[in-house]
Amino acid sequence: MAVTMCQSLGFFISLVGVAGIIAATCMNQWSTQDLYNNPVTAVFNYQGLWQTCVKQTSGFTECRAYFTILGLPAMFQAVRALMIVGIVLGGIGLLVAIISLKCLRIGNMEDSAKANITLTSGIMFILAGLCSIIGVSVFANMLVTNFWMTTANMYTGGAISGMGGMGGLQTLQTRYTFGAALFVGWVAGGLTVIGGVMMCIACRGLMPEESNYKAVSYHVSGKTPAYKTSAYEEKSKKSIYNESKRSEDGKSYPSKYDYV
């Protein structure tokens, strides 16, 4: 019962995690405009893996897809690839895990076969979760790097920093910070890894226990006379024949073996 609960719980956690990975990949809020120095703005920008969007204060939102592939940064394309690989591995893992559920009986599948399939699905879930976590972390690292580079470029004119008490001239540049999709991807990847680990743990409980009985061989001693099957059969035939007796007038009476 505990093995079935562990396997079923791992499957549902992995299902939620894979759904979260798909949602994070499709979301456009991977990076959002930082409003720290400009809280009042008429335009709000945010970007995703597939589109860049502009939202106005009137409520109108316009999104435009990236019409180039080679023009995008290599790390950006790597994040795309990692998320797609995570979705593919998670989807295959879900299909395999459905077959391996102990609460479902498909044909005459043995427990050892279900244990191997459960282990395979668990490994796929772990790889899918790691792809999601790595992809989101790489994108977050890109955001942090660009954020501080943009912040350094916003303050210029160090040579005139003493003029009139000005600490430097500030230029208005758009900075981007973490979006909601990053947190969804991190949580979804963690759930998928946890579900995969639970599936791997359930695999050990599904394996049939090996027999601990030791084979014992019996050796016939050389002094013991061998069994003579042929002699025994001849003796049995003679005893059956003798039981059928004949009378003095030549008539034979049936024995008990004649009615069998």
Side-chain angles (χ1 to χ4, degrees), residues 1-31 48-50 72-107 109-145 178-210:
M1 185 66 181
V3 176
T4 306
M5 289 295 296
C6 182
Q7 186 187 34
S8 301
L9 187 59
F11 173 76
F12 285 111
I13 292 177
S14 301
L15 178 62
V16 175
V18 173
I21 294 175
I22 297 174
T25 306
C26 299
M27 291 175 64
N28 291 326
Q29 291 82 11
W30 279 70
S31 59
L49 294 180
W50 316 102
L72 297 174
M75 297 299 292
F76 188 85
Q77 296 182 9
V79 172
R80 278 182 170 182
L82 286 171
M83 299 304 293
I84 292 175
V85 170
I87 292 175
V88 172
L89 289 176
I92 297 175
L94 288 175
L95 295 177
V96 174
I98 292 175
I99 302 175
S100 66
L101 290 177
K102 192 175 181 180
C103 57
L104 298 178
R105 180 64 62 181
I106 301 177
M109 185 178 295
E110 298 180 356
D111 289 341
S112 59
K114 284 198 171 187
N116 295 329
I117 297 175
T118 302
L119 179 62
T120 303
S121 62
I123 294 174
M124 287 186 176
F125 288 143
I126 293 175
L127 293 177
L130 290 178
C131 287
S132 175
I133 293 174
I134 293 174
V136 173
S137 300
V138 169
F139 193 91
N141 181 63
M142 293 171 54
L143 281 180
V144 172
T145 303
F178 293 170
L182 296 182
F183 302 100
V184 174
W186 273 319
V187 174
L191 290 176
T192 308
V193 171
I194 293 173
V197 171
M198 294 183 68
M199 295 290 286
C200 293
I201 294 174
C203 165
R204 300 194 50 151
L206 293 174
M207 291 294 293
E209 297 181 359
E210 297 181 357

Colleague: Hey, does Met124 have a side-chain heavy atom less than 4.5 Å from the side chain of Thr120?
Modeller: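 In short, these two side chains touch, coming nearer than 4.5 Å.
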Colleague: Hey, what do you get for CE (Met27) to CG (Leu49), rounding to the nearest 0.5 Å?
Modeller: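 Reported to 0.5 Å precision, the distance equals 10.5 Å.
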Colleague: Compare every heavy atom of Leu119 with every heavy atom of Cys203, then report the nearest pair and how far apart it is.
Modeller: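 Nearest pair, atom of Cys203 first, then Leu119: SG-CB, 3.6 Å.
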Colleague: To the closest 0.5 Å, what do you measure between CE (Met83) and SG (Cys26)?
Modeller: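 With rounding to 0.5 Å, CE (Met83) is 9.0 Å from SG (Cys26).
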Colleague: Does one side chain, of Thr25 or Trp50, offer a donor that lies under 3.5 Å from an acceptor on the other?
Modeller: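 No pair is found: no donor N or O on one side chain lies under 3.5 Å from an acceptor on the other.
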Colleague: For the pair Ile126 and Cys200, evaluate side chain to side chain contact (heavy atoms under 4.5 Å, CB included) and give the outcome as yes or no after the intermediate values.
Modeller: CA-CA 10 Å; Ile126 293 175; Cys200 293; 4.2 Å; yes
Colleague: Considering non-hydrogen atoms only, spot the tightest contact between Val193 and Ile133 and give its length.
Modeller: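 Smallest interatomic distance, heavy atoms only, reads CG2-CD1, 4.4 Å.
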Colleague: Kindly give the heavy-atom pair with the smallest separation between Leu72 and Gln77, and that separation in Å.
Modeller: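 Taking every non-hydrogen atom into account, O-NE2, 3.5 Å.
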Colleague: Between Val184 and Ala24, what is the shortest heavy-atom contact and its length?
Modeller: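 Residues Val184 and Ala24, closest heavy atoms: CG1-CB, 3.9 Å.
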Colleague: To the nearest 0.5 angstrom, please state how far the OG1 atom of Thr118 sits from the CG atom of Leu101.
Modeller: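 Nearest 0.5 Å value for the OG1-CG distance: 7.5 Å.
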Colleague: What are the two closest heavy atoms between Ile87 and Ile21, and how far apart are they?
Modeller: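 In this case the closest contact between Ile87 and Ile21 is CG1-CG2, 3.8 Å.
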Colleague: With rounding to the nearest 0.5 Å, note down the distance linking CD in Gln29 to CZ in Phe178.
Modeller: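 Answer rounded to 0.5 Å: 15.5 Å.
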Colleague: Please identify which of these residues, Leu95, Val96, Leu94, meets the side-chain contact (heavy atoms from CB on, under 4.5 Å) condition with Ile92.
Modeller: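 When side-chain contact (heavy atoms from CB on, under 4.5 Å) is applied between Ile92 and each of Leu95, Val96, Leu94, only Val96 qualifies.
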Colleague: Checking the side chain of Trp30 only, and the main-chain atoms of Ala140 only, is there a donor and an acceptor separated by less than 3.5 Å?
Modeller: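 Side chain of Trp30 to backbone of Ala140: no pair is present.
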Colleague: Just verifying a value: how many Å separate Leu9 CG and Ile201 CD1, rounded to the nearest 0.5 Å?
Modeller: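 Going from the CG atom of Leu9 to the CD1 atom of Ile201 covers 11.0 Å.
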Colleague: Just say parallel, tilted or perpendicular for the rings of Phe76 and Phe139, cut-offs at 30° and 60°.
Modeller: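 Rings of Phe76 and Phe139: tilted, as their planes differ by 30° to 60°.
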Colleague: Please list, chain by chain and in numerical order, all residues satisfying side chain to side chain contact (heavy atoms under 4.5 Å, CB included) with Ala97, sequence neighbours excluded.
Modeller: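 If we apply the side chain to side chain contact (heavy atoms under 4.5 Å, CB included) test to Ala97, skipping adjacent residues, the hits are Phe11, Ser100, Ser121, Phe125, Met199.
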Colleague: Which atoms form the tightest heavy-atom contact between Leu143 and Ser31, and what is the distance?
Modeller: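 Closest approach of Leu143 to Ser31, heavy atoms only: CD2-CB, 3.5 Å.
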Colleague: Enter the distance from Gln7:CD to Lys114:NZ here, rounded to the nearest 0.5 Å.
Modeller: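 One gets 7.5 Å once the value is rounded to the nearest 0.5 Å.
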Colleague: Sub-3.5 Å donor-acceptor pair from the side chain of Ser132 to the main-chain atoms of Ala128, do we have one?
Modeller: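 Checking the backbone N and O of Ala128 against the side chain of Ser132, no donor-acceptor pair under 3.5 Å is found.
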